[in-house]
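Have a look at the structure below, then the notes.
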Protein chains: 2
Amino acid sequence: MGGPRFEPVQAVRAYERVVEQVEEAIERGVLTPGQRLPSERDLMVQFSVSRSTVREALRVLQARGLVRSRPGDPNGAEVLAFSPATLHKSMSTLARVSELSLAELVQFRMVLDASANLLAARLRTEEQLAEMDAAIARMREAVEESYESFSAADVAFHDAVARASGNKLIQICTDVVRSIVLDLVSEKIAGASDRKALMLESIGHHEEVLAAVRAGDGPLAARLARRTMYDYYAVYVPEGERPALLALLE
Amino acid sequence: MGGPRFEPVQAVRAYERVVEQVEEAIERGVLTPGQRLPSERDLMVQFSVSRSTVREALRVLQARGLVRSRPGDPNGAEVLAFSPATLHKSMSTLARVSELSLAELVQFRMVLDASANLLAARLRTEEQLAEMDAAIARMREAVEESYESFSAADVAFHDAVARASGNKLIQICTDVVRSIVLDLVSEKIAGASDRKALMLESIGHHEEVLAAVRAGDGPLAARLARRTMYDYYAVYVPEGERPALLALLE
DNA sequence: GACTATTTGTCCGTATGTATG
DNA sequence: CCATACATACGGACAAATAGT
């Protein structure tokens, strides 16, 4: 064993080297959000490449959500704070291209929401409990208004729980997967004839979940959260795929 | 309320429009993986834009993992099958830039692995059980060899469980988060003095988990999986953040 | 408000290395 | 080996947009 482990020589493009250097500077904190990159002409001098190369590198950095540039900006491209937008983008294409079924998405939401509730039940503050109360109150008001405002309040509730979990990864994934699921089923829900009854039932479920979170009973909150999500979305999942969801309900 | 809801007019760049059209063609299945795009010169004619614009669009598409282009290829850029590589990339930068702590990453792994085991216990086939057996066997052999081969076998086990869960999203996220965690702690583990004892203990835990999966006891498998992961990684997590992990162990 | 300087967005032409037949 | 077509990279140019005077 052993011997020299040569790296495969790959003709790395010029723009890639530019991307790497800027990316590393951002990740190392040398460039912080809000700061500006040098102008394209300055960059072509510093990297000693042509402007086209600089621009291709900037496009890649922009696609990765690290910088943003506007025409005529005298300050150069702006370094952005990381947002889950790119994550959202790639997960969305994954959902559309790589044939993610609604069942898998809902199942993943059940996993995330249950975990968030489990953690929130132990770690929540009084302030966060108040947020959840307020969200449910808005859900109740929205029943008479529109499905859109109801859905917004529902999102706010789950968001508050996700924040209370203290885990940013849970928070971000919850946000991403939820918006994808809503894209897939919001028209169907909005057009349901018994929409109002569904909303009222959902509110009751949310209140039970919140009571468990308030009582600090994590396992119960997680179980109720899974059940709530199942009851709300199962009708839109093909019957053949529902057993996979039920497997989470023990 | 009401009134015409105008969209904010944003000067959409030419390369963006090119990206949109190609992206849509891929997502609608007009362009399938393995197919080739027209050459850059053909594209500048079809879109009636310049070469630079075409190239910037191709860089963005490449950054999103949708196409790949090599110099001298007579067939033009290749349409790729979607891979979680972009997802991996953006989640990695999220971990580095957005200050994700090791505690949060391990916590998320605990959530994913527990859910995967819960589902696997009900949905696994005999074939998948055999894979898990084989992985544990390789772990046992690797104890005398090296930490690297042990880690590889360990990865294979968790991968088999994730596949057996039947949820691609769990599978992909497991893969992504695991590699990030391993990047952060693999040197520490490899350099541990009581490495061998740790490996043996870990094997025992994995066997208990597998026994629960084989018995079809999902909740038990999930609980053991969480415990296994905690015991393996907790020492690398700052003491102040361990309570957040313990909150998952009920 | 208008003018000017600078920057980005876009286009064109050209040279070079590479892969295919 | 040669010819062709391609991607890569360079440099120059002009219009549109922005910021400061």
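Below, chain A is the first sequence line, B the second, and so on; all start at residue 1.
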Per-nt protein contacts along nucleotides 2-8 of chain D (heavy atom under 4.0 Å; B base, S backbone sugar-phosphate only, - none) come out as ----BBB
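R41(B) pairs by the side chain to side chain donor-acceptor pair (under 3.5 Å) definition with nothing, not counting sequence neighbours. By the side-chain contact (heavy atoms from CB on, under 4.5 Å) test, A130(A) is found to be paired with no residue, residues two or more places apart in sequence or in another chain being considered. R70(B) pairs by the side chain to side chain donor-acceptor pair (under 3.5 Å) definition with D73(B), not counting sequence neighbours. For Q62(B), the side chain to side chain donor-acceptor pair (under 3.5 Å) test picks out R59(B), with sequence neighbours left out. Y233(A) pairs by the ring-ring contact (aromatic ring centres under 6.0 Å, His included) definition with nothing, not counting sequence neighbours.
Atom-to-atom, CZ of R36(B) to P of dA19(C) comes out at 13 Å; the value is rounded to the nearest Å. Nucleotide dG9(C) holds its P atom 19 Å from the CE atom of M44(B), rounded to whole Å.
Taking the charged nitrogens against the carboxylate oxygens, D113(A) and R178(A) have no contact shorter than 4.0 Å, which rules out a salt bridge.
An OP1 or OP2 oxygen of dC10(D) is reached within less than 4.0 angstrom by a side-chain nitrogen or oxygen of S50(A).
Here T53(A) lies in heavy-atom contact (under 4.0 Å) with sugar-phosphate atoms only.
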